Each structure stands twice: as structure tokens, then as C-alpha cells.
Student: 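Take this structure, written in C-alpha cells, and hold onto it; I'll ask about it next.
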Amino acid sequence: MKSFVCKLFLLAVLALLPSLAQAGDLITSKSFGEPNEIILTFAAPTSAAIATDINNYTVYEEPDPDIRLTIDTITLSADGKTAHLIFSEPLNTTETHVVAVMTHDKVSPFIFQVAKSYWGYLFSILISALLINNFVFTKYLGLCVFFGTSKRKDTAKGMGFTFTIVMVVSAIMSWFFYQYVMKPFHLNFLQIVVFIGLVSLTVQAVDTVLRKVNPALFQSFGVYLVLVIANCVIIAVPLILADNEYNFLETLMLSLGAGSGFLLALYLMSSVRERMEFAQIPKTFEGIPIAFIVAGQFALAFLGFSGLKIF
Amino acid sequence: MANDKSNMQLVANGILNENPIFRLVLSMCPAVGISTTVMNGIMLGLAVLFVQVFSSVTISLFKNKIHPRIRIPSYTLTIATWVTVIDLVMAAYMPGPYSQMGVFIKLIVAFAIITMRLEMFACKESVNASFWDGVGMGLGFMAGMMAIGLVRELLGLGTILGFEVLGGVRPLLFFVLPCAGFFVVGLMMAFFNYIEIRYRKLKQVAS
Amino acid sequence: MKDIMTIIIRLTVSCLMAGAVMGATFIITSDAKKQNKYKNEQKVSYGLLGYDVSKGIPAEVKLHELFRYVVTTGDELSVGYLVPTGHGEHGGFTFISISLDGSFIGQYPVDIDHASVRDESDRDQAILTALGKGKTIRYADQTVIATANDQRTAYLLSGKFPGFKTFIHVMLALEPDFTILGLEIMEHEEDPGLGAEIKEDYFKNQFIGKSFAAVKYLEVDKVPLPDDYRQALDGKISKEEVALVQQNYKDKNIYALTGATISSVSVTNGVKGITKKFAYRIGILDAVIQEQNIAVPF
């Protein structure tokens, strides 16, 4: 148990301080610039002879250490602190790049990694699950509950919030179970049973806790808890995170994005459906058919988010 | 409640009167998500048919042994088991269609239609009746998926089951785009409503 | 209380039964799954080389598998290749370790047979035993070298790269001079009707015949695909005519798919990256094999 807590703590520290963990004292900041550029800032002014010598640098993508990227030119700013490494070809910025700089002593190189900001990556997972890959409008999951509970705004909000909470809790539990039980013991084929079991357990737990702690809240949200199990998003998220080998923070972001994406979809839909009550709808389209057409239009609109690149 | 319908009536009931997709409006996710071709409809339909029949029979067999208080967990466990079985089998023997289906085979476990049939039918009826009810529901689902797939594949890609029937013409690519699933399902439902309304009117006039 | 006991007992029994059913299915299907996957890969491989598995493969055609690893010794990184030695099913395997700048480090005979070399965990274990203590290895990729009468006829590379939605897995066939022989999309999750068209002949066959010099600077053009080229790519005209048209478009860029530029660009860049990296690596490996006089069947 203790080592487990330690691991968690380490994970949090690593995530919080990605720059401190690697950069050390020679380099204060490093980032990608133009498509074929890496920008380095040295802690102290460096002589141009060393800093602009191409032979002092070795740069490669982390998975391919044997393939060195060719540097065309290196320019050093006037104060001798910022170096711009221009490569002959555009860099693949989704990969972590490893840079080794030969220091003054010419013996051991100083090695560090250049990658996109980890926070940016986490944020992009959240936004991706919320908008770009919205589970309802672009992955077409959870539709039964979606059409069932999007008639009124109040219901939509209640369902959305309850769902988000259960989603986050069950995704985190599934992640622990997957990483520490199913993977080490090669029980991957039990995924479906285990995940659905954990979801049911979470629902039951939230039900019990809410009933005791806040009866008033339970009165308003309790009814939605039963519906959560019938929602395929809740089982799709653990399957996705197991497939992609997400870590703890990424799991948190994905589940939060999935939950709030569902809330957003429900809220948008219910706003339209409340208005539609006053509209003259052809008899053949009344009820569910027109709801599908509206959802289709939302899906078209959400298609506009696809291809959106954040960070 | 004893069941007085014949086996064939049970099957027909699943396909027509209580069609899971168009009548009960359940399990809509795959109907929108992967109904782009007829083949997908057949494959997922087969999987659902398998899970529905085996779960119905299992629950019906053990209906006296299941404690009423753990009814729902038992259903979930049964369904999850059979979904795992079909998932493993399809992944091993039909890798091509399986990869097309993506995560949807695994998601059969959350399909409301299966739990509903167990709760409404299999836990009260005989094994034989449950079997035929399961067959009916499975076939009904498959028929619904195939109907949507037919419309989308024909209009979107100009093919049926992968064979070109319109001479290479793709009338409306829109229909095969992912988001068109909503429109197709909505329009088809409206179409069935229209037929029903007309049918009722005709009947009234006749009487 | 008695109620709870019966519930627990029954739940346990049903869980055990469910577990037995799933476990049995898993055991039965897992071997079949591996075999079917291998068969499919073989079929695609031979297909890319221009052979039809169902009609039989000429006896002189042989495929040799190479596995590339990244080896870590302390802080030092190096590259290693598990290559077959000797001839046919009787030959063994050897692990050639090469430093990052391309010089030979060592050669370690690996005790593994041709059947279990395909299993990743068996292979890793055998290599670790051969290398000795203090080293960690990471599997990178697999290359197949095809020979006919002991002459290299083609390279088969498998690779993956990010597409529009998720990773696209491909298999690429190259001639010995790195001209592209064929491209096959193994797995993808692009949108049907748009990005999913990458697996259609009229897109993926555009890569055939592109020379290494052309591939290095291959780009995607957002202009409609000419009709005669499309006919040729879809194989609707006779073989001689196809060859003629292909010759015309040999040095042209790739024509983007309508409405799926991002997918088209990712495939093009992916193919470009795989080819360039491989050409660099096989050069180094060949030089080392020749310098050290290692007996390899390819």
C-alpha cells in the first residue's frame, strides 16, 4: 500500500514539474518553434563558438535513437542565451525529441528532452472528448438515454451531472483495476465483465452515499442513477482507456471530458426540444423522428470541430 | 403468465410489432454509428442474436434459482459472459468484419434491449418460448440494422453488400458520412409512421 | 441472514460458471486468433509481392524476418537486430548489436526456433538470455526480406502512424532499390466515405512505382484525380495500358482524397517516414553484416 501511495505521489510530482525533472541547470527552457525549429534558452550566456557548432548537438526522436536529425543552422541571440536550432526537415512534434549537447569539457554530453507541454496534452484530451470526439454527436454512443432524458432542461442537467460524477469515479476505478490486476495477471479477456461490474458497483455506492449524506440531492438526482448503467458511454470509456494505455491523469481527463460532453449534448438538445413543443411538426415526425433529425443537425455542426488541433 | 403464442408468432412479433430499433426505440447507438453498410448490419445482428438467444435461454433455465434481489446483477453477468464469448470468437475467426465494428461488439453488454427482454420475458417463460423470443428479437434487430444499412450503402456508396448496383455512381455521399445516421433513422421512422397512419385511415374507411 | 448467505453462494456459483465459460472460450480462441492473424499477414505480404497464396507460392521465394530492438545498457542506447542465420528452417538466430553511429558492437547467438520467434514474450526472453545481465530491450519493429533464389527481391515493412482519428497500421513493400512495390492498409478508424477511402485501390495504388528519390520529396496535391489515372489505379484496363499510365504519373505527387486531405497527408508522410528510416537502417545493417562476415540467408 505504501509503495502504491509513493507511486501516486511520484506521478503527481512528475506531472507537475516536467521541466524541473529534466532540464537541470544548463538549459532553462526548451520548446518547439517553427515546424523545423527547436528553441533553447541557456542559463548563462554561452560562447557562440560552442553554441552554434552543429557537431556539438545530437537530436533524435525518442523511439528512433539511431536516426539523427540533421541540423541546418544554429543561430545564437545577441545576449548569448537563446539558440535557435533549424533542422533541414519539419519535426514530428507529436514525438518527444531527445537533444544531447556537448558541454565545455567535451566529455559527456548534457542530455534533455524536448516535448510539447504535458498540460497542453492533458487539456487536449479533455477538449477532444468534450467537443472533437463528443461521445454523443461524433461517436454515437449513449443514444438511448440521450433521447430519453433530453426532453426538459432540468432533467438534462440532472442526468448530465449524475452521469459525469459516476463516469469519473468508475473510470478511475477501472483504471486501477486494469493497471494493477488485469494487466499483470493477463486477464484482459475479462474486460467487459469487470468494467460493467465496476460501473454497477459505483452506481450502487453513489446511491448509498448520496442517500445518507444529502437526501435532498438524492431526491432530485437519484432517479437518474439507474439510467446510468444503460448508457454505453460509461462502458466505452474504460475500454478506450485500456486500449490506449492512458495513465492516471489522462484517464481523469478523458472521463471528465466524456461526462461533460454528455452533459453539453443533453443541455443543447433539451433547449431545442423545449422550443419544439411550440412548433408545428408534421404528424409523421412527431416525437422521436424529429429528435433524430435535430440530433443529426447537431452532429453536422460538431463535425466542424473535427481536425481542430490544440497544442 | 402462460404464453399462448406459437413459436413463429414470437419470432414475427420481434421482427414486426416489437422491432427493437423502429418500435421499441432501443439500442440506437449501433443503428446510427455503424449502419453504413449492409454487411455491418448482418455482422452486428448476428452477434446480438447470439447474445440475446443465449442470455434468454440461460436466464430461463435458471429462473427459479435466481434470487429476486440480485436479479439485475445476474442478468448483467449473464449478458457480459456471452458478449465476451462472441467478442473473442469474432476477433479470432472474423478479424476483418470485427475491426470494422470497433468497440460496438463489446458495447452489446450495455444494450437496453437485451436486459429488457430478460426482465420482461425470459424470467417468466419456458425455455422454449424464451428461445424463440430471443430469435425474434435478434432477427428484428438484424432486420432493422440491415434496412438502415441498405439505405445508407445504396444511396451513399451505390453498392449493396459491396457489389456495385448503380454502375459506379455514388448518388449522395452524404448518407454514408457518420452523422447521416441520425437523419436516416429519423426519416425511416417517420416513413414507418406515415405508413401506419395511412393504414389506419384505410381501415377506418373500410369499416 | 439466511437470505444473504444464499445470495452470496448463488452469486459465487454463477460467477464461477461465467468464468469457466469465458476462460474456456479464451483458451480455444486465442491460438486460432494468433494463427488467423499470421495467416492474414502472410496473405497480405505475398499479395504485395504479387503472389496469390491460394494458387501456391513458388518454392524459390522465401521470407526472412528481422526484428529490430532498442537496447539500453546503463545510460547507453544501442540498436539490435535479431536476424536468421544459415538456411531454411534449420538455421538459428543471431542478435547483432550496433551502436547509434552505426558501428558494430557484438553478435550474440540466440537460442530460439522459427515457430516461437513470432511470439513476442518468447522472443524477448530468448534475447535477454543471450545478451546477459544488465540490459533492457524494447521491441521496435519487424521487417521481412523476401528472396528468390537467394537474391533479394523485396522488403516488407510494417508500420503505424497517426491518422485523422487514430493510428493507421500499414504494410509497405519496397524493391531492393527502395522503389515502392505496394501499400496495404491493415487497420484504421477513419470516417467511412471520407478518410476510409485510403484503403481503396485508387488511393493506395498511387504509391506504386514511386522511386526512392521521388518518395523523399513526396507531397499531396489537392487537385482532382485524372480519369485515365483512376482507371489504371482501379485496374479497369489491361496490364500493358496500366503500366503505360503508371509511367506517366511516376513522378507526380499523391492526389488527395476529396474531403479527407488530413488522412491523405498522414498516409503520405507516414510512407515517406517509414521508407526513409528503413533505407538508412538497412544500409547500416548490411554494412555491418558484410564487415563481420555474418552468414545470413538474405
Side-chain angles (χ1 to χ4, degrees), chain A residues 135-148 188-197 199-201 203-204 226-240 242-243 281-303 306, chain B residues 20 22-35 72-73 75-88 91 102-116 174 177-198:
Chain A
F135 276 81
V136 175
F137 292 133
T138 58
K139 289 203 170 166
Y140 320 104
L141 297 176
L143 296 182
C144 306
V145 181
F146 174 69
F147 285 111
N188 260 338
F189 67 98
L190 290 179
Q191 267 183 6
I192 303 170
V193 181
V194 170
F195 290 157
I196 196 96
V199 171
S200 319
L201 209 68
V203 170
Q204 199 60 53
V226 192
L227 283 174
V228 170
I229 305 188
N231 188 339
C232 16
V233 180
I234 202 133
I235 184 85
V237 167
L239 289 172
I240 289 174
D243 255 10
I281 298 162
K283 210 161 172 60
T284 44
F285 276 95
E286 265 172 21
I288 293 289
I290 192 71
F292 265 89
I293 304 288
V294 172
Q297 284 164 340
F298 272 122
L300 267 182
F302 269 71
L303 203 63
S306 68
Chain B
F22 293 113
R23 286 321 192 97
L24 304 178
V25 199
L26 288 169
S27 323
M28 298 315 300
C29 312
V32 174
I34 53 161
S35 57
I72 299 292
Y75 296 165
T76 314
L77 181 67
T78 315
I79 298 169
T81 308
W82 292 119
V83 172
T84 309
V85 169
I86 192 76
D87 182 64
L88 289 171
V103 78
F104 275 100
I105 294 276
K106 290 187 170 117
L107 289 183
I108 293 177
V109 77
F111 279 13
I113 174 72
I114 297 170
T115 324
M116 201 198 87
F174 171 74
L177 295 189
C179 54
F182 285 112
F183 291 101
V184 175
V185 175
L187 289 173
M188 284 178 84
M189 276 182 181
F191 177 68
F192 288 130
N193 282 349
Y194 174 75
I195 290 180
E196 198 185 335
I197 292 169
R198 288 302 292 265

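In this text, all values refer to a predicted model and were calculated from it rather than measured experimentally. For the numbers below, each heavy atom of this structure counts, side chains included, while hydrogens, waters and symmetry mates do not. Reminder, nothing fancy here: chain letters follow the sequence lines and each chain counts from 1.
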Student: Would you compute the distance between atom CE of B/M189 and atom CD1 of A/I293 and round it to the nearest 0.5 angstrom?
Tutor: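 Going from the CE atom of B/M189 to the CD1 atom of A/I293 covers 10.0 Å.
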Student: Counting only non-hydrogen atoms closer than 4.5 Å, does B/F191 touch chain A with its backbone (N, CA, C, O), its side chain (CB onward), both, or neither?
Tutor: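 No part of B/F191 comes within 4.5 Å of chain A.
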Student: Checking A/Q297 against chain B: side chain, backbone, both or neither under 4.5 Å from a heavy atom?
Tutor: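 Both parts, backbone and side chain.
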Student: Taking atom CG of A/L141 and atom CE of B/M28, what is their separation to the nearest 0.5 Å?
Tutor: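 The CG atom of A/L141 sits 13.0 Å away from the CE atom of B/M28.
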Student: Return yes when atom OH of B/Y194 has more than 12 non-hydrogen atoms of other residues, nucleotides or ligands closer than 6.0 Å, and no otherwise.
Tutor: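 It does not: B/Y194 OH has 12 such atoms or fewer within range.
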Student: Taking every non-hydrogen pair under 4.5 Å, which of B/V184, B/T76, B/I195, B/T84 racks up the most with chain A?
Tutor: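 Among B/V184, B/T76, B/I195, B/T84, the one with the most close pairs to chain A is B/T84.
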Student: Going from CG on B/L107 to CD1 on A/I234, what distance comes out if it is rounded to the nearest 0.5 angstrom?
Tutor: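 Here the rounded value is 12.0 Å.
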Student: Relative to chain B, which of A/F137, A/F147, A/F302, A/F285 shows the most heavy atom pairs under 4.5 Å?
Tutor: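 The option with the most such pairs is A/F285.
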Student: What distance separates A/I192 CD1 from B/I105 CD1, expressed to the nearest 0.5 Å?
Tutor: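 If I round to the nearest 0.5 Å, the distance is 9.5 Å.
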Student: What is the minimum heavy-atom distance between B/C29 and A/C232, and which atoms define it?
Tutor: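 Taking every non-hydrogen atom into account, SG-SG, 3.1 Å.
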Student: Compare all side-chain heavy atoms of A/F292 with those of B/V32 and state whether any distance is below 4.5 angstrom.
Tutor: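 In short, these two side chains touch, coming nearer than 4.5 Å.
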Student: Could you tell me which non-hydrogen atom of A/I196 sits nearest to which non-hydrogen atom of B/A80, and how far apart they are?
Tutor: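 Here A/I196 and B/A80 meet closest at CG2-CB, 4.1 Å.
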Student: Side chain from CB out, backbone as N, CA, C, O: work out which of these in A/V199 comes under 4.5 Å of a heavy atom of chain B, or both, or neither.
Tutor: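 Looking at A/V199, nothing touches chain B.
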Student: What part of B/L187 gets within 4.5 angstrom of chain A, counting heavy atoms only: side chain, backbone, both, or neither?
Tutor: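 Looking at B/L187, backbone and side chain both touch chain A.
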Student: Using a cut-off of under 4.5 Å on heavy-atom pairs, state which of B/F104, B/F111, B/F183 scores highest against chain A.
Tutor: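 If we count pairs closer than 4.5 Å to chain A, B/F183 comes out on top.
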Student: Distance check, rounded to the nearest 0.5 Å: A/Q204 atom CD versus B/I72 atom CD1?
Tutor: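 Here the rounded value is 11.5 Å.
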Student: Might you point out which heavy atoms bring B/F182 and A/G296 nearest each other, and give the distance in Å?
Tutor: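 For B/F182 and A/G296, the tightest heavy-atom pair comes out as CB-CA, 3.3 Å.
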Student: Quick one: does A/Y140's side chain have a donor or acceptor within less than 3.5 Å of a partner on B/G181's backbone?
Tutor: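 Between the backbone of B/G181 and the side chain of A/Y140 there is no qualifying donor-acceptor contact (under 3.5 Å).
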Student: Quick one: what part of B/F22 sits under 4.5 Å from any heavy atom of chain A, side chain, backbone, both or neither?
Tutor: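 Neither part, no heavy atoms under 4.5 Å.
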Student: Determine, step by step, whether A/L300 and B/F174 satisfy the side-chain contact (heavy atoms from CB on, under 4.5 Å) criterion, reporting the C-alpha distance in whole Å, the side-chain angles of both residues, the deciding distance to 0.1 Å, and the verdict.
Tutor: CA-CA 11 Å; A/L300 267 182; B/F174 171 74; 4.1 Å; yes
